[in-house]
Amino acid sequence: MAAKVDRHLGYTLTPLAQRLQQVIATEGPISVARYMDLCLNDPVHGYYRTSAPIGARGDFVTAPEISQMFGELIGLWCAVTWRQMGTPTPLRLVELGPGRGTLMKDALRAIAAEPLFHAALTVHLVETGNRLRATQVECLAGQAIEWHENLSEVPEGPILLIANEFFDTLPIHQYERTDVNWHERLVTSGKNGFTYILATKPSTLDRLGRVGDVFEQAPARLDYMADIAARIKAGGGAALIIDYGHGKNANGDTLQAVRAHKTQPVFAEPGLADLTSHVDFQALARTAAHETAVHGPVRQGKFLRTLGIEARAALLQRDATPANAHDIESALRRLIDSQQMGDLFKVLALTVKGAPVPAGFENLVTGGRTW
Ligand code: SAH
């Protein structure tokens with residue numbers, strides 16, 4: 001092991017912190033990916049196994065929780081895409097990491113206006129978090145839904161797949177640039193809590209960087225993306241992936257812990273805070289481009305405006321009280337303004353090669369793109 005990096009001192013000895021100490025005592029320093037995975041998915045103390053993270057009283061708020069318009073527009077996007085696909089029946093409507101179930105509830109309400117599509121689909125939620133699954137059951141009561149631990153469990157055939165803020169939770173590895181090479185960052189445990197150290201052996205990463213730069217790689221995200229693309233190639237369909245991140249890969253440490261709507265040091269409260277990082281859309285697009293056509297990424301603000309969110313907001317405001325109309329306006333701004341979620345969040349779509357360009361991705365200059 002080489003240079004010790006002491007950036008995140010101060011932490012609470014949570015049950016998960018004790019579990020991490022045991023793992024590190026047995027296995028030695030662990031990768032950032034393993035740290036993230038244990039924090040989020042440890043079967044007993046993991047964040048997604050134990051907490052109710054989403055919403056005003058949780059730790060973070062996502063687009064479907066900001067406004068019903070988000071899920072409704074995605075529902076309509078699915079209906080239009082299904083028509084572009086030639087109305088295959090049955091169609092599997094799949095959501096990865098559905099949170100509280102709000103997006104699917106709003107989407108299905110919008111889809112009900114398209115009875116043929118509604119009748120053609122079966123709904124599949126891929127969710128590993130027990131507490132969130134219970135919330136989804138409640139939120140979607142009365143709907144026929146199947147739950148799965150993994151995409152591979154969803155029955156064969158054409159799919160329409162939605163993933164909002166799903167990829168950012170899948171674990172990343174981090175590499176730090178020294179004067180000659182990139183070394184993987186590992187997490188170890190000492191008197192003052194958890195700290196980063198660098199693996200002695202250099203990684204095989206070959207890219208430019210200045211001393212101290214961090215680069216992130218997420219094989220778990222690429223594996224998931226490859227599964228989605230293979231599935232679309234084999235059975236037909238499309239996917240819509242929405243997340244925060246960058247369109248072109250870049251150096252930078254983007255791992256963040258959030259609890260009660262505030263960011264905190266990554267090692268402060270293991271298991272009690274959400275851990276996510278920026279999604280590298282370029283890497284996702286490159287992975288899928290072998291098997292499918294890739295559209296975007298396009299900024300969320302532009303995507304939602306193209307789908308007509310402003311008209312939908314105006315319609316909702318027409319019948320609202322002044323106070324509600326004001327809330328609808330704030331929600332709209334939050335979703336589409338560039339200083340809010342409009343630019344940082346991006347949308348990527350996959351379709352079968354040669355299929356029509358999906359709604360919201362028209363007029364993008366994609367010719368000659370090298371992802
Ligand atoms: N899409 C929701 C929730 C985003 S939070 C929304 O927009 O509100 C991330 C979601 O992914 C949670 O539901 C979490 O339990 C789920 N999740 C995290 N890792 C997962 C995995 N490996 N497989 C399936 N679901 C996962």
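All heavy atoms count here, side chains included; hydrogens, waters and symmetry mates do not. Both counts, for ligands and for their atoms, begin at 1 and track the order of listing.
For Asp42 and Arg19, the salt-bridge test passes: some basic side-chain N is under 4.0 Å from an acidic carboxylate O. Here Glu27 pairs with Arg34 in a salt bridge; the nearest charged N to carboxylate O distance falls below 4.0 Å.
Contact annotation: for Leu170 versus ligand 1, heavy atoms closer than 4.0 Å belong to the side chain alone. Contact annotation: for Ala63 versus ligand 1, there are no heavy atoms closer than 4.0 Å.
Between atom 1 (N) of ligand 1 and the options Pro53, Gly46, Gly97, Gly71, the minimum heavy-atom separation is to Gly97.
Residues Glu127 and Gly99 share a closest heavy-atom pair of OE1-N, 3.8 Å. Nearest heavy atoms, Trp77 versus Leu160: CZ3-CD2, 4.3 Å. Between Phe215 and Asn251, the shortest heavy-atom contact is CD1-OD1, 3.4 Å.
Close approach of ligand 1 to Asn164 is summarised as follows: ligand atoms under 4.0 Å from at least one heavy atom of the residue are 1 (N), 2 (C), 4 (C), 6 (C), 7 (O). The distance from ligand 1 to the heavy atoms of Val126 drops below 4.0 Å at these ligand atoms: 24 (C), 25 (N). Listed by atom number, the atoms of ligand 1 under 4.0 Å from Ile54 heavy atoms are 3 (C). Close contacts of ligand 1 with Phe166, meaning ligand atoms under 4.0 Å from a residue heavy atom, involve 11 (O), 20 (C), 21 (C), 23 (N), 24 (C), 25 (N), 26 (C). Interface of Gly99 with ligand 1, defined as ligand atoms under 4.0 Å from a residue heavy atom, comprises 2 (C), 3 (C), 13 (O). Short contacts between ligand 1 and Thr169, defined as distances under 4.0 Å to a heavy atom of the residue, involve ligand atoms 9 (C), 18 (C), 19 (N). If you number the atoms of ligand 1 from 1 as listed, the ones under 4.0 Å from a heavy atom of Thr62 come out as 6 (C), 7 (O), 8 (O).
Between Glu127 and ligand 1, a contact under 3.5 Å exists for at least one N or O pair. Among the atoms of Pro64, none of the N or O lies under 3.5 angstrom from an N or O of ligand 1.
For the pair Lys346/Gln300, no side-chain contact is recorded, criterion being any heavy-atom separation below 4.5 Å from C-beta on. Taking 4.5 Å as the limit, every side-chain heavy atom of Leu96 sits out of range of all side-chain heavy atoms of Asn164. Taking the side chain as every heavy atom from C-beta outward, Gln264 and Val258 never approach each other to under 4.5 Å. At least one side-chain heavy atom of Thr81 sits less than 4.5 Å from a side-chain heavy atom of Gln84.
Arg312 places no side-chain N or O within 3.5 Å of a backbone atom of Leu307 that could act as its donor or acceptor partner.
Looking at atom 9 (C) of ligand 1, its nearest protein heavy atom turns out to be Glu165 O, 3.4 Å. For atom 12 (C) of ligand 1, the closest heavy atom belonging to the protein is Leu132 CD1, 3.6 Å. Thr128 OG1, 3.9 Å is the protein heavy atom nearest to atom 17 (N) of ligand 1.
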